[in-house]
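Accompanying notes for the structure given below.
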Amino acid sequence: MKSHYQVVVIGGGIVGCSVAYHLTSRGLTDVVLIERTELTAGSSWHAAGGFHAINSDIDVAALQKYTIGLYPRVEAESGQAIGLKMTGGLELAGTPERWQWLKAERAWLRTMDTDAYLLTPQEAAAMVPIIDPRGLTGALFDPHEGNLDPHGATHAYAGAAKKGGAEVVLHDRVVSLLRTPGGEWRVETERGTITAEHVVNAAGLWARRVGNMVGIDHPLVPMSHHYLVTDDIPEVAAIEGPMAAVTDLEGFTYLQREGDGVILGVYERNPRHWKVEGADWDFGMTLFPEEIDRIMPELSIGLQRFPALQDAGIKRWVHGAFTFTPDGNPLVGPVAGLPNYWAACGCMSGFSQGAGIGLVLANWIVDGDPGLNVFGMDVSRFGPYASEDGYLRATTRQFYARRFVMAYPNEELPAGRPLKTTPCYEDLLAAGARFTVNWGLEVPLYFASRPDFEEIDTLGRSDAEPIVAQEVEAVRTAAGAHEIAQYARYEVTGPGAEAWLDHLLASRIPGVGRIRLAPMLGEAGRLKGDLTVARLDEERFWLTGSYYLQVWHQRWFSEQMPGSGVALENITDDWMGFSVSGPATRRILQGLVRDDVSNEAFPFMTVRTMNVGTAKAVVGRLSLTGEMGYEIVVPTNRHRTLLEQLREAGHANGLRLIGDRALDSLRLEKAYGIWNAEFTQARTPGMSGLDRFVAFGKGDFIGREAAERERNQGGAAQRLVLLDVAAGNADASGHDGVWHQDRRVGSVTSGAYGHHVGKSLALAYLDREVIETEPELTVFVLGEARTARILREPPYDPTGVMLRG
Ligand SMILES: Cc1cc2nc3c(=O)[nH]c(=O)nc-3n(C[C@H](O)[C@H](O)[C@H](O)COP(=O)(O)OP(=O)(O)OC[C@H]3O[C@@H](n4cnc5c(N)ncnc54)[C@H](O)[C@@H]3O)c2cc1C
């Protein structure tokens with residue numbers, strides 16, 4: 001071991017070894033992996049070694065596909081056998097709705113160029129004869145699933161990393177991490193001290209403890225998990241060649257072949273946390289005693305689905321621990337305020353995700369950018385709230401218990417809620433609000449007039465849509481008030497503020513009293529934000545962005561911040577308010593202010609400070625609904641008063657409270673995109689249409705060169721368009737594939753029913769030549785083919801007359 005390395009990777013599980021391998025693949029060879037005891041000594045050694053590509057986040061799914069595809073190469077490069085068996089995998093459906101869901105999954109897999117097949121229960125049972133097909137509605141067979149030897153795979157990554165130049169040090173524990181005055185990391189281990197430019201926390205079951213060494217509390221916890229291994233089963237022994245893995249979705253179990261017997265794993269509804277603070281440092285490669293009573297309800301369903309197991313002997317139980325995060329995806333990437341500390345932890349599916357994590361992290365360390373949209377696994381997607389013990393326990397428990405449980409798109413899950421509420425929460429609740437959650441904050445979805453209305457979970461269009469339709473109509477014909485506590489606000493001040501923003505944002509910087517839509521780009525010209533910038537004073541600006549991107553955006557801001565002349569303060573929790581829009585809005589606002597709010601005095605895209613009712617407010621003249629509107633923001637302690645006064649003034653003018661669902665319908669009628677659907681870090685201004693806000697005529701800004709290159713090459717290969725979908729009783733949703741005959745030509749980013757225009761609408765990225773020729777297209781909605789056509793202009797107010805009001 002040397003005294004200095006460029007990168008120290010802490011932890012020799014599948015993730016740490018993959019990170020070391022990917023670093024060397026990217027040409028970084030001054031790398032050491034330090035392992036407390038032996039490689040695999042955390043969760044990796046006792047994993048069942050199964051892998052699959054499906055994930056509810058399409059970008060994470062693509063990385064899982066990458067992981068699976070890489071195994072043969074790592075085996076070949078290292079010379080270490082990994083026992084790879086591409087068995088394929090069956091998912092069993094036990095209800096008609098699940099069958100529909102599997103059809104949708106098949107369509108999603110096709111958009112990822114993976115051909116999966118739908119089977120009857122009998123066909124599934126013919127493939128895996130120990131399945132009892134009774135009660136099943138069908139199955140999906142994905143040929144790209146399988147399993148491997150976890151020990152072999154981990155050692156293969158380590159071996160290939162060593163061949164690539166990395167060192168692997170065993171039986172040495174990292175005991176502390178300190179920043180040196182020169183900005184490096186001093187890594188103290190049991191056997192000595194190293195300095196390093198970068199440290200990677202791939203410490204698995206101990207990752208929370210390693211995070212604590214640098215003052216962070218990562219939102220991850222170990223939970224215990226069982227599988228059993230049977231003695232030989234004649235029906236299995238009789239199968240020549242590989243046997244498909246099986247996931248019984250309604251049965252909470254998974255099964256795979258192990259010799260001539262099987263492994264049966266259980267995701268019980270009564271899970272158990274273990275060592276929430278992280279495993280003890282001296283925890284060895286030991287298993288827990290099995291807790292059969294606790295898992296019996298699900299185990300017995302498994303024994304009914306696979307009756308041959310009832311007579312099979314149990315060779316061994318495996319009851320070990322692995323880590324979970326609130327949404328089940330790992331924590332990867334840099335942490336704001338800790339330059340060159342990298343997270344690669346919280347991974348519950350190391351054999352499906354290990355290579356994807358390694359790839360992303362190596363790109364990030366080498367290029368300063370992950371190269372892909374990895375928000376779904378970015379460590380910055382959670383705020384500090386997520387590490388609070390009660391929240392973390394509740395959400396991880398919920399995730400584990402629902403691992404195979406059907407997820408409906410309109411379903412609201414209860415764990416850890418309500419966590420954060422605005423001062424208007426009780427008033428909105430009393431007004432019939434049904435809430436969703438955004439980064440821990442309760443946010444109204446819609447307002448039901450009947451107190452006993454209970455929305456039914458469904459894959460199709462919800463029974464709450466008639467309520468949403470009324471809210472849409474209120475906005476189009478009178479006025480709607482939408483709570484905007486879910487916007488993040490940053491105040492940027494100082495003599496250097498304008499110059500800094502001019503460099504940070506691709507738009508022009510507005511004059512005092514004006515607002516601009518401001519795309520923010522990374523160096524590679526991909527989007528970093530779809531912000532608005534309002535200039536309240538010569539040296540005082542407000543940046544507004546998505547609430548849930550606070551940590552993500554602040555990480556970027558802090559990386560770009562100059563040494564002096566600019567101050568940035570996150571004022572999100574200090575200011576909140578309502579966005580009020582619709583033709584009657586001006587009348588309502590005029591009743592609450594002394595100032596002239598006519599179009600001449602207060603035109604579109606301007607901002608004013610004025611007294612609204614009894615509060616000093618910052619009022620912006622813009623809206624996301626396509627109607628004339630104002631965003632009224634007040635100090636948080638006046639938020640409730642503002643609501644009261646707005647409702648009073650709005651009563652005679654048809655003002656109605658509206659929620660996020662109405663906003664989705666309204667914005668799609670105007671073809672407006674939002675972050676994490678249309679706008680992501682995988683998209684460029686040219687693709688997303690945000691190029692119309694890029695000021696190519698101004699001086700230098702981050703991402704300029706790449707954005708110009710795109711423009712000079714004649715624009716992006718794909719562009720965002722609006723589709724009119726001949727949908728049935730379900731609207732398109734993110735990642736549904738768009739096809740022209742047998743060719744996939746794009747994918748949907750979001751869909752909703754446009755209640756005012758009476759159309760099922762979808763925003764989608766499509767290949768440019770398809771947009772030019774406008775053929776009839778097919779969108780797979782819930783797996784069913786629906787015709788769709790491109791709309792040349794938004795179906796509502798295409799010239800923006802209403803908006804400019
Ligand atoms: C029963 C069971 C079955 C499973 N089945 C599957 C499956 O079929 N498929 C699948 O994909 N996943 C499965 N998993 C999950 C899988 O095991 C984990 O996702 C994966 O092993 C996580 O790998 P890791 O590298 O992040 O962490 P770990 O394997 O926990 O590795 C972390 C390593 O870091 C080392 N370390 C920690 N702190 C320090 C320190 N301070 N200094 C030096 N070294 C340190 C530890 O000794 C350890 O070796 C299963 C888990 C269990 C418990």
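Numbering of ligands and ligand atoms starts at 1, following listing order. Excluded from the calculations below are hydrogen atoms, water molecules and symmetry mates; all remaining heavy atoms, backbone and side chain alike, are included.
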Nearest neighbour in protein (non-hydrogen) for [atom]:
atom: atom 46 (C) of ligand 1; value: W206 CZ3, 3.4 Å
atom: atom 24 (P) of ligand 1; value: V15 CG2, 3.8 Å
atom: atom 22 (C) of ligand 1; value: C347 O, 3.7 Å
atom: atom 27 (O) of ligand 1; value: G204 CA, 3.3 Å
atom: atom 13 (C) of ligand 1; value: A47 CB, 3.7 Å
atom: atom 34 (O) of ligand 1; value: G11 CA, 3.1 Å
atom: atom 9 (N) of ligand 1; value: G50 O, 2.8 Å
atom: atom 15 (C) of ligand 1; value: F322 CD1, 3.0 Å

Residue [X] vicinity, atoms of ligand 1 by number, heavy atom under 4.0 Å:
X: Y227; result: 1 (C), 3 (C)
X: G49; result: 7 (C), 8 (O)
X: H225; result: 1 (C), 2 (C), 3 (C)
X: G12; result: 33 (C), 34 (O)
X: A202; result: 32 (C), 34 (O)
X: A203; result: 32 (C), 34 (O), 37 (C), 38 (N)
X: G320; result: 53 (C)
X: W281; result: 38 (N), 41 (N)

For ligand 1, note which part of [X] has a heavy atom under 4.0 Å away: side chain, backbone, both or neither.
X: F351; value: both
X: W45; value: neither
X: M348; value: backbone
X: F51; value: neither
X: C17; value: neither
X: I10; value: side chain
X: A321; value: backbone

From [X] atom [atom1] to [Y] atom [atom2], the distance as rounded to the nearest 0.5 Å:
X: Y5; Y: D30; atom1: OH; atom2: CG; answer: 7.5 Å
X: Q304; Y: L299; atom1: CD; atom2: CG; answer: 10.5 Å
X: M243; Y: I233; atom1: CE; atom2: CD1; answer: 8.0 Å
X: R272; Y: E291; atom1: CZ; atom2: CD; answer: 4.0 Å

Lys NZ or Arg CZ of [X] over [Y] ring: under 6.0 Å, within 45°:
X: R209; Y: W206; value: no
X: R381; Y: W552; value: no
X: R269; Y: F252; value: yes

### Query
Are D282 and R36 ion-paired here, with the side-chain N under 4.0 Å from a carboxylate O?
no
Is it the case that the side chain of [X] and the backbone of [Y] share a donor-acceptor pair, with hydrogens and angles ignored and the cut-off at 3.5 Å?
X: R305; Y: T253; value: no
X: T67; Y: L63; value: yes
X: R257; Y: G259; value: yes
X: Q6; Y: T29; value: no
X: D149; Y: G152; value: yes

For the 3.5 Å polar cut-off, considering only N or O atoms, please tell me whether [X] and ligand 1 meet it.
X: V174; result: yes
X: M213; result: no
X: D172; result: no
X: A344; result: no

Heavy-atom nearest option to [atom], drawn from [options]:
atom: atom 5 (N) of ligand 1; options: A207, S43, A48; result: A48
atom: atom 23 (O) of ligand 1; options: G265, G13, S44; result: S44
atom: atom 12 (N) of ligand 1; options: A153, G350, G284; result: G350
atom: atom 48 (C) of ligand 1; options: E190, E35, R36; result: E35

### Name of the residue among L178, I194, V199 meeting side-chain contact (heavy atoms from CB on, under 4.5 Å) with R186
L178
### Query
Has R191 got more than 12 heavy atoms of other residues, nucleotides or ligands less than 6.0 Å from its CZ?
yes
Centroid separation [X] to [Y] less than 6.0 Å:
X: F51; Y: Y71; result: yes
X: Y267; Y: F404; result: yes
X: W274; Y: F288; result: yes

### Message
Contact between ligand 1 and S352 is defined here as a heavy atom of the residue under 4.0 Å from a ligand atom; is it met?
### Response
yes
